[in-house]
> 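Below are the structure tokens for one structure; questions will follow.
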Protein chains: 2
Amino acid sequence: MASSIHDLARHLNISIGTVSRALNGRADVNADTRQRVLDAAAKLNYSPNQSGRSLRRGATHSIAFMLQPHPGDQQYGEPFFIPFLTGLQAKLAESGLDLIVVMGAPGDYQQERLRRVVETRRADAVVLAWTRREDERIDYLTRVGFPFATLGRSRSGGKSYPSLDLDFEKAGAEAVDRLVARGHRRIAAIRPSLSLNFGYLFLAGYRKALGRHGIEVDPGLIAEGFINEAGGYEVTPQVMRSKDPPTAIIFNNDAMALGGCKALAEMGVKPGHDIAVIVIVDTPLCSYFSPALTAFRPPLEPMGRRLAEMLLASIPAFAGAEGARIIREVWPLELIARDSD
Amino acid sequence: MASSIHDLARHLNISIGTVSRALNGRADVNADTRQRVLDAAAKLNYSPNQSGRSLRRGATHSIAFMLQPHPGDQQYGEPFFIPFLTGLQAKLAESGLDLIVVMGAPGDYQQERLRRVVETRRADAVVLAWTRREDERIDYLTRVGFPFATLGRSRSGGKSYPSLDLDFEKAGAEAVDRLVARGHRRIAAIRPSLSLNFGYLFLAGYRKALGRHGIEVDPGLIAEGFINEAGGYEVTPQVMRSKDPPTAIIFNNDAMALGGCKALAEMGVKPGHDIAVIVIVDTPLCSYFSPALTAFRPPLEPMGRRLAEMLLASIPAFAGAEGARIIREVWPLELIARDSD
DNA sequence: CGTTTTTCCGTAAACGTTTACGAGAACACA
DNA sequence: TGTGTTCTCGTAAACGTTTACGGAAAAACG
């Protein structure tokens, strides 16, 4: 099973150097010999040992995505990533790169696992998600000079690394606009910790839009919970018990909305009927919920592909002739109107 | 950043051999020297290059989990895995092993990616999920003699590899028993393709229990759909439009149930009121749905830990003194009674 | 035919580890 | 003092690649 380049060379009676050159498509090898090598490689089922190759080349030809069970939760956060990873992997594969997903241990917010990946040189670059406003991972990676890209931004938004984010601020504002246009003025916002940057951005858009409409921000209508079903469930009653309860709620993600709607149901409040509900980040859940939830849909698969491009473009070793460059993009979210608002 | 064992050796004025032995805890190195090496390693922030180590040792010290966007769907299937992977990773980490998750390209059912992992020796073993009744991946891995374990069984259920599965057959039967005890006799089953082994097992249990209760199996009450929301949504109306419609439905998983309930709602049928609903595999979705869905909950995180143990026990290089052995286990599913039945 | 260029290939070093082997020093023992 | 044992360490080979270098043969050119 473990056929090495030596086996190939012995089998063909030529030197390993020639075999390697033939396999790697170098110019200085006769067309005949190349073909013989290729045939033999197919016959012997040869494929290069990754460790040997990485060691020699000083590159692993793989990119790591850091996947983290979110603090305070083990279940949520990942269905979101699957289409994204599909796009990421597809684009990386076009450049002959492997995508590996590294599971973080719960709790340490990836510092330990990230260090491990970097220090043992398991990947040539990493992709981060769940970016925080102050993100120690970003600091670490820039400090040690390890290539990376982020899905999401951090506060500094430094120009030193590529990032692709969604325009949560605009989505927050648009949600408010839409609700105000439908006559709502008591609009609640259920969001995760502001340390998560998308929560921060959402709230900024929410505030700005309310201001634009001359509506005063009522702190009693803003609540923070864990970014999962339990969080939404726990926190929604708080805003509903406000002296002057909301007639509409904007949830920062689908899981919180699900929990929130559960709480509403228990209070006898029906979304789309007694109260308007809008969700910022759409998943299939939203469309199959009853009532179907109006939500902002991110184009996850294209985002994955794009971030792969941006990452590769930022790394000299992978960037083509035009040289490395840092790209930062913010994509709009598209509202899918359904039955809940 | 790239401090190697040579840097350490030069810095301490000793040979690289000694450094390596000190780092690896070998006996033939003086206690003083060992300490000096350890200190220097910490100071220089040394950690061994993974490629070099793998090359020399002939082992990567990492285990690959094959993650696959399910055919016909990009969004579903993965929240299920997160707690499982958390357990898997935790246990592997105790043995100094890394868990990497390898994304399959959509469509090829992992064959191509799996071959790549195996042939380039990227991992020492792999873990498979979504086992099919006839599983080409299992055939391939056994044929080439690559170590692996499965979450789920295949038809053959060969004794050659460790596997951990849930007792879907018993759960299917228990669901029927429960519904019959509550007076139902027209019980529908919504399931995925029988090529997926858990779908097959579920149906077997369903049939067996019906037989035990002297209820004839009505093919019109059994429907097959894609294992996602869309599948449940599409297929549920079929059984409802049966001449003699069901008074209860058992869904084979949460996503199908979600889609099915959507379809029911559109038909004006209310789960837990007009019809009983039971879900075989529980996720947080089920408890936050309205009404909360009665479901069978798998202990995912312990399953991950256990499968890691079983995998390691099956590999001579990792098994302790007692030698390698193949363990196969089937765990019960626990019913969580909620409001839908 | 002599010279230069091109084509093709073998040699060997290097990447960063681990480890078998052997040797010097220290020590124990008679 | 001589012999044997135990500690400790250095040397060097090996893992499977890639690639710089050089050289032999073939081709091109005058």
Side-chain angles (χ1 to χ4, degrees), chain A residues 1-38 40-41 44-62 96 98 116 118-124 317, chain B residues 1-38 40-41 44-62 96 98 116 118-124 317:
Chain A
M1 191 54 227
S3 75
S4 81
I5 206 171
H6 290 94
D7 301 329
L8 265 189
R10 205 171 323 118
H11 182 258
L12 292 168
N13 231 6
I14 58 181
S15 80
I16 59 167
T18 305
V19 174
S20 177
R21 279 189 300 265
L23 257 22
N24 290 10
R26 288 209 130 42
D28 55 349
V29 41
N30 183 284
D32 274 359
T33 8
R34 157 162 305 127
Q35 196 51 54
R36 285 177 45 229
V37 170
L38 259 32
L44 296 196
N45 198 19
Y46 168 79
S47 67
N49 178 298
Q50 196 57 230
S51 302
R53 168 173 281 187
S54 300
L55 180 57
R56 170 61 218 227
R57 292 210 223 192
T60 63
H61 282 254
S62 63
D98 284 328
R116 193 174 163 84
V118 169
E119 288 173 1
T120 62
R121 291 157 203 85
R122 237 174 209 293
D124 298 337
Chain B
M1 193 54 228
S3 76
S4 82
I5 206 172
H6 290 94
D7 300 330
L8 265 188
R10 205 171 324 118
H11 182 257
L12 290 168
N13 232 5
I14 59 182
S15 82
I16 61 166
T18 303
V19 174
S20 177
R21 279 190 300 265
L23 257 22
N24 290 9
R26 290 208 129 42
D28 56 347
V29 41
N30 182 285
D32 275 0
T33 341
R34 160 164 302 127
Q35 197 51 54
R36 284 174 49 226
V37 170
L38 260 31
L44 297 196
N45 198 18
Y46 167 80
S47 67
N49 178 300
Q50 196 57 230
S51 303
R53 167 173 283 187
S54 300
L55 181 57
R56 170 61 220 230
R57 294 217 247 219
T60 63
H61 281 254
S62 62
D98 284 329
R116 194 175 163 81
V118 169
E119 288 174 359
T120 61
R121 294 157 200 84
R122 240 175 206 294
D124 298 338

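All values derive from a computational prediction rather than experimental measurement. Chain letters run A, B, ... following the sequence lines, proteins first and then strands; every chain starts at 1.
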> Do B/Gln50 and A/Arg122 come within less than 4.5 Å of each other through their side chains, counting heavy atoms only?
yes

> When only distance counts, do a donor and an acceptor, one from the side chain of B/Arg56 and one from the base of C/dT17, lie under 3.5 Å apart?
no

> When we call it a touch if two heavy atoms are under 4.0 Å apart, what does B/Ile14 touch: a base, just sugar-phosphate, or nothing?
sugar-phosphate

> If you count heavy atoms of other groups shown closer than 6.0 angstrom to NE2 of A/His11, is the number above 12?
no

> With no hydrogens and no angle check, do the side chains of B/Ser51 and B/Ser54 hold a donor and an acceptor under 3.5 Å apart?
no

> Would you say D/dT18 has OP1 or OP2 under 4.0 Å from some side-chain N or O of A/Asn24?
yes

> Report the secondary structure of DNA chain C in dot-bracket form, marking unpaired bases with a dot and bases paired to a different strand with |, and treating Watson-Crick or G-U pairs with both distances under 3.5 Å as paired.
||||||||||||||||||||||||||||||

> Report yes if a donor N or O on one partner sits less than 3.5 Å from an acceptor N or O on the other, where the partners are the side chain of A/Arg121 and the base of C/dG16; otherwise report no.
no

> Output, in order, the C-alpha distance, side-chain angles, deciding distance and verdict of side chain to side chain contact (heavy atoms under 4.5 Å, CB included) for B/Asp7 and B/Tyr46.
CA-CA 9 Å; B/Asp7 300 330; B/Tyr46 167 80; over 6 Å; no

> For a 4.5 angstrom cut-off between non-hydrogen side-chain atoms, does B/Thr18 reach B/Val37?
no

> Check the phosphate of C/dC15 against B/Asn49, side-chain N and O only, distance under 4.0 Å to OP1 or OP2. Yes or no?
no

> Using a cut-off of strictly less than 4.0 Å, decide whether A/Arg26 has a side-chain nitrogen or oxygen near OP1 or OP2 of D/dT19.
yes

> Does A/Ser20 reach a base, just sugar-phosphate, or nothing at all? Heavy atoms under 4.0 Å.
base

> Looking at B/Asn30, does any N or O in its side chain come under 4.0 Å of the phosphate oxygens OP1/OP2 on D/dC7?
no

> Report which part of the nucleic acid A/Gly58 touches: base, sugar-phosphate, or nothing (heavy-atom distance under 4.0 Å, all strands).
nothing

> Reckon A/Ser15 has a side-chain N or O less than 4.0 Å from the OP1 or OP2 of C/dG10?
yes

> Hey, is the side chain of A/Arg57 poking within less than 4.0 Å of OP1 or OP2 on D/dT18, counting only N and O atoms?
yes

> Which part of the nucleic acid, if any, lies within contact of B/Asp28, taking any heavy atom under 4.0 Å across all strands shown: a base, the sugar-phosphate backbone alone, or nothing?
base

> Between atom CG in B/Asp7 and atom C1' in C/dC15, what is the gap in whole Å?
13 Å

> For A/Thr33, which contact category applies under a 4.0 Å heavy-atom criterion: base, sugar-phosphate, or nothing?
sugar-phosphate

> With no angle test and no hydrogens, is the base of D/dG10 tied to the side chain of B/Arg21 by a donor-acceptor pair under 3.5 Å?
yes

